> 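Pasting a structure here, questions to come.
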Amino acid sequence: MARVFITGSADGLGQLAAQRLVALGHEVVLHGRNRDRARAAMRAVPGARTALEGDLASIEETRALAQQANVAGPFQAVIHNAGVYGPSAGRRETVDGLDDVFAINALAPYLLTALIERPQRLIYLTSGLHQSGDPDLRFLQRRAQRWSGAQAYANSKLFDVVLAFAVARLWPQVRSNAVDPGWVPTKMGGPSASDDLEQGAATQVWLAVSDEPGAKVSGRYFYHKRSRAAHPAASDVSVQNGFLAACEQLTGARLASVGA
């Protein structure tokens, strides 16, 4: 039995992955951004151990969530599933004055990774749209450009792959991978989404607990259990180091290499 923590598991793919893991006999810890969402997560996933609370748009609350996770852990796997997507929405600032798409989709996974006791496996949800992401760290907050919600999302999903690959390099004893679940009909994906919802959750479940050789790898980008080529910037060590340094500056938390 594995103990697995899943962020953003009150609905959508996170909820579905949690249900599948519980059905397989694993111990699952859920997450919602507030008390109501955490309670909703518990109702939707009978058999889950507990649900933690924390708004990933807040650095302070994300830090507190990491503390809760360390009390509930240790975990064999952490699935960084939470995310937001608003292609037609305007730029929204968090309590920390950051773009909320970047803060929730990319900075929060960084901070949780840095602060939660290292699991055996890490899974970061990304998107095929990461291929059109811009790795230029000078525009991390996009304050110098005309705002585009779609571009901000693509950038954040690229940085999720950058993070997954950086962790794979820095923590060789941890299996760290990125997953594109496809365009699935969740609240985020919308009713017109053309990919299969069940397939959308299958790869992260597989990577979290399977002993199959294909799941026991690191530094890969997956779609439906198949490894695919990611944006070249994700493997660029200078991009990885630049992203980690920017996140450290924003949060004060360092993602140290093994032995550091």
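Just so it is clear, the structure is predicted and the values come from calculations on it, not from any experiment. Computed from heavy atoms alone, side chains included, the values below leave out hydrogens, waters and symmetry copies.
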> Would you call Val209 and Arg20 a side-chain contact if the rule is heavy atoms closer than 4.5 Å?
no
> Treat each ILVMFWY residue as a node, draw an edge where side-chain heavy atoms are under 4.5 Å apart, and state whether Phe5 and Trp171 are in one component.
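Yes; Trp171 is reachable from Phe5 via cluster members.
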> Return yes if a side-chain donor-acceptor contact under 3.5 Å exists between Ser127 and Tyr85, otherwise no.
no
> Give a yes or no on whether a salt bridge exists between Asp211 and Arg121, defined as a side-chain N under 4.0 angstrom from a carboxylate O.
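The answer is yes: the pair qualifies as a salt bridge.
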> For a quick test of reading the model, state the closest non-hydrogen atom pair linking Val174 to Ser218 and the distance between them.
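Between these two residues, the closest heavy atoms are O-OG, 3.3 Å.
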> Please say yes or no: joined through hydrophobic side-chain contacts below 4.5 Å, possibly via intermediate residues, are Phe75 and Leu115 part of one cluster?
yes
> Quick one: list whatever passes salt bridge (charged side-chain N to carboxylate O under 4.0 Å, His left out) with Arg43, sequence neighbours left out.
none
> Determine whether Thr203 and Tyr223 make a side-chain contact, defined as any pair of heavy atoms from C-beta on separated by less than 4.5 Å.
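A side-chain contact is absent here, since even the closest heavy-atom pair is not under 4.5 Å.
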> Membership question, hydrophobic clusters at under 4.5 Å side-chain separation (ILVMFWY): are Leu129 and Tyr221 in the same one?
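Per the 4.5 Å side-chain linkage, Tyr221 and Leu129 are not co-clustered.
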> Are Phe102 and Val95 joined in one hydrophobic group, where the rule is that I, L, V, M, F, W and Y side chains link up if heavy atoms are under 4.5 Å apart?
no
> Without swapping roles, check the side chain of Asn155 against the backbone of Gly133 for a donor-acceptor pair under 3.5 Å.
no
> Do Arg63 and Ile59 pass the side-chain contact (heavy atoms from CB on, under 4.5 Å) test, and can you show the C-alpha distance, the side-chain angles, and the key distance before you say yes or no?
CA-CA 6 Å; Arg63 284 183 170 279; Ile59 291 174; 4.3 Å; yes
> Could you check Leu125 against Ile79 for side-chain contact (heavy atoms from CB on, under 4.5 Å), going step by step and ending with a plain yes or no?
CA-CA 8 Å; Leu125 259 69; Ile79 302 175; 4.0 Å; yes
> Are Leu98 and Leu112 co-members of a hydrophobic cluster defined by side-chain heavy atoms under 4.5 Å apart?
yes
> Under 4.5 Å between any side-chain heavy atoms of Arg49 and Arg3, yes or no?
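Contact flag for Arg49/Arg3 side chains = yes.
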> CG of Asp134 to CG of Leu158: how many Å apart, nearest 0.5 Å?
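If I round to the nearest 0.5 Å, the distance is 8.0 Å.
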> Which atom pair, heavy atoms only, marks the closest approach of Asn70 to Glu117?
OD1-N, 2.8 Å
> Compare all side-chain heavy atoms of Gln204 with those of Leu13 and state whether any distance is below 4.5 angstrom.
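In contact.
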> If you round to the nearest 0.5 Å, how far is CG of Asp11 from CG of Leu16?
11.0 Å
> To the nearest 0.5 Å, how far apart are CD in Glu27 and CG in Leu21?
11.5 Å
> Do the side chain of Thr94 and the main chain of Ser58 share a donor and acceptor less than 3.5 angstrom apart?
no
> Going by heavy atoms in the side chains, are Gln19 and Gln15 under 4.5 Å from each other?
yes
> Identify which one of Phe159, Tyr124, Tyr153 satisfies the side chain to side chain contact (heavy atoms under 4.5 Å, CB included) criterion when paired with Asn105.
Tyr153
> How far does CZ of Arg254 sit from OH of Tyr110, to the nearest 0.5 angstrom?
8.5 Å
> Rounded to the nearest 0.5 Å, what's the gap from CD on Gln120 to NZ on Lys216? Could you check?
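Here the interatomic distance stands at 10.0 Å.
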> Nearest heavy-atom pair of Leu163 and Ala106: which atoms, and what distance?
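Between these two residues, the closest heavy atoms are CD2-O, 4.5 Å.
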> Determine whether a donor-acceptor pair (N or O, by modelled atom type, separation under 3.5 Å) exists between the side chain of His130 and the backbone of Ala230.
no
> Yes or no on side-chain contact (heavy atoms from CB on, under 4.5 Å) for Arg33 and Leu56, after CA distance, side-chain angles and deciding distance?
CA-CA 7 Å; Arg33 65 177 175 268; Leu56 300 183; over 6 Å; no
> Which atom pair, heavy atoms only, marks the closest approach of Ala154 to Ser132?
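Distance-wise, the nearest heavy atoms are CB-OG, 3.7 Å.
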> Write down the atom of Ala57, the atom of Asp96, and the distance for their closest heavy-atom approach.
O-OD2, 3.8 Å
> Run the numbers on Asp160 and His80 for side-chain contact (heavy atoms from CB on, under 4.5 Å), then give the verdict.
CA-CA 9 Å; Asp160 284 334; His80 292 280; over 6 Å; no
> When you compare the side chain of Arg175 with that of Leu207, does any pair of heavy atoms fall below 4.5 Å?
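No. Closest side-chain heavy atoms not under 4.5 Å.
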> Can you measure from CZ (Arg220) to CZ (Phe165) and round to the nearest 0.5 angstrom?
9.0 Å
> Taking the side chain from Asn177 and the backbone from Val217, do they hold a donor-acceptor pair closer than 3.5 Å?
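Side chain of Asn177 to backbone of Val217, a donor-acceptor pair under 3.5 Å: yes, one is there.
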> For the pair His31 (side chain) and Leu52 (backbone), establish whether a donor and an acceptor sit closer than 3.5 Å, ignoring hydrogens and angles.
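A pair under 3.5 Å: no.
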> For a quick test of reading the model, state the closest non-hydrogen atom pair linking Asp180 to Thr126 and the distance between them.
N-CG2, 4.0 Å
